[in-house]
Amino acid sequence: PQSLQSILAQVKGLMRSGGMQNPSAMLKTITLLGQIRDEDIQAALKEAADFKDPQSQMMVNMMLLSRWAESDGPGALKYAEENLAEGNPMAKQMAKMGVLSAWAQSDPDAAWAHLKSSEDEDTGGSMFGGRSMMMMGLFSSMAAKDPDKAFARLAELDDPQERQMALNGIAQTAYDDAA
């Protein structure tokens, strides 16, 4: 297995070669990040904080935090809230959306309870705005696992924008034969 430093150095190189606009580089990056051991995710996040390109940093944060959330949703979310750059609210919101979506796959009730009680507010209609955007990721994961539960939770939402984003998330499962 490769060292954490070697993996992250390769990821930085791939990001310089077109990054998120280069599907081949993205696939290679995802494969490399998948080689990071679970116990090294926090160290990898700390090293990714030194990435100069904000887009690359955001992508790596999302991927690593989503992996962490599969086993520890509250821990990953706390890390995102406390450690991601305040200067880039979109990056923080995207990471939190990824965490909630991954967390909802393993424990939809806990992810739902957290989002219902959270203080997140929408960021002025931004495409990646707070709670409403998080609803899409959470409801997509929830509906893939239990469509009936997703529709029951939908009935608990009062905000029209949150309901629309939740419906968008549920609609993403329409192409999944099992769902």
query: Does anything in residues 34-66 pair up under ring-ring contact (aromatic ring centres under 6.0 Å, His included), and if so which pairs, sequence neighbours excluded?
result: none
- prompt: Just checking, is any N or O donor in the side chain of Gln57 or Asn61 under 3.5 Å from an acceptor N or O on the other one?
  reply: no
Sequence neighbours excluded, every pair satisfying salt bridge (Lys or Arg N to Asp or Glu O under 4.0 Å) that has a member inside residues 57-70: Asp38-Arg67
- request: For residues 139-169, pull every pair meeting ring-ring contact (aromatic ring centres under 6.0 Å, His included), keeping only residues two or more places apart or in separate chains.
  value: Trp112-Phe139
query: Taking side chain as C-beta onward, heavy atoms only, is Leu45 less than 4.5 Å from Asn83?
result: no
message: Please report the interatomic distance OG1(Thr29) to CD(Gln10), rounded to the nearest 0.5 Å.
response: 9.5 Å
statement: Residue set satisfying salt bridge (charged side-chain N to carboxylate O under 4.0 Å, His left out) with Lys149, at least two apart, ordered chain then number -> Asp109
message: Using 0.5 Å steps for rounding, measure from the CD atom of Gln93 to the CE atom of Met134.
response: 4.0 Å
message: Checking Tyr79 now: which residues fulfil ring pair (Phe, Tyr, Trp, His ring centres under 6.0 Å) with it, not counting sequence neighbours?
response: Trp68
- request: Could I get the full list of salt bridge (charged side-chain N to carboxylate O under 4.0 Å, His left out) partners for Glu156, not counting sequence neighbours?
  value: Arg153
Pairing residues for Asp146 by the side-chain hydrogen bond (donor to acceptor under 3.5 Å, both in side chains) criterion, not counting sequence neighbours: none
field: Heavy-atom donor-acceptor pair, Ser66 side chain to Met62 backbone, under 3.5 Å
entry: yes
- request: Using a 4.5 Å cut-off on heavy atoms from C-beta on, say whether the side chain of Lys92 contacts that of Met58.
  value: no
- prompt: Taking only residues at least two apart or on different chains, which pairs with a member in residues 40-53 satisfy salt bridge (Lys or Arg N to Asp or Glu O under 4.0 Å)?
  reply: Arg37-Asp40
query: Less than 4.5 Å apart, any side-chain heavy atom of Gln105 and any of Lys145?
result: no
query: Would you call Leu65 and Leu77 a side-chain contact if the rule is heavy atoms closer than 4.5 Å?
result: no
field: Qualifying ring-ring contact (aromatic ring centres under 6.0 Å, His included) pairs with a residue from residues 30-49, counting only residues at least two apart or across chains
entry: none
- line: For Pro74, the side-chain contact (heavy atoms from CB on, under 4.5 Å) test, sequence neighbours excluded, returns Asp72, Trp103
query: Under the side-chain hydrogen bond (donor to acceptor under 3.5 Å, both in side chains) test, which residues partner Ser106, sequence neighbours left out?
result: none
task: Before giving the answer on side chain to side chain contact (heavy atoms under 4.5 Å, CB included), spell out for Asn168 and Met165 the whole-Å C-alpha distance, their side-chain angles and the decisive distance to 0.1 Å.
output: CA-CA 5 Å; Asn168 289 345; Met165 295 305 279; 3.8 Å; yes
- request: State which residues pass salt bridge (charged side-chain N to carboxylate O under 4.0 Å, His left out) with Asp159; sequence neighbours excluded, sorted by chain then number.
  value: none
- prompt: Between Leu32 and Leu14, is any pair of side-chain heavy atoms under 4.5 Å apart?
  reply: yes
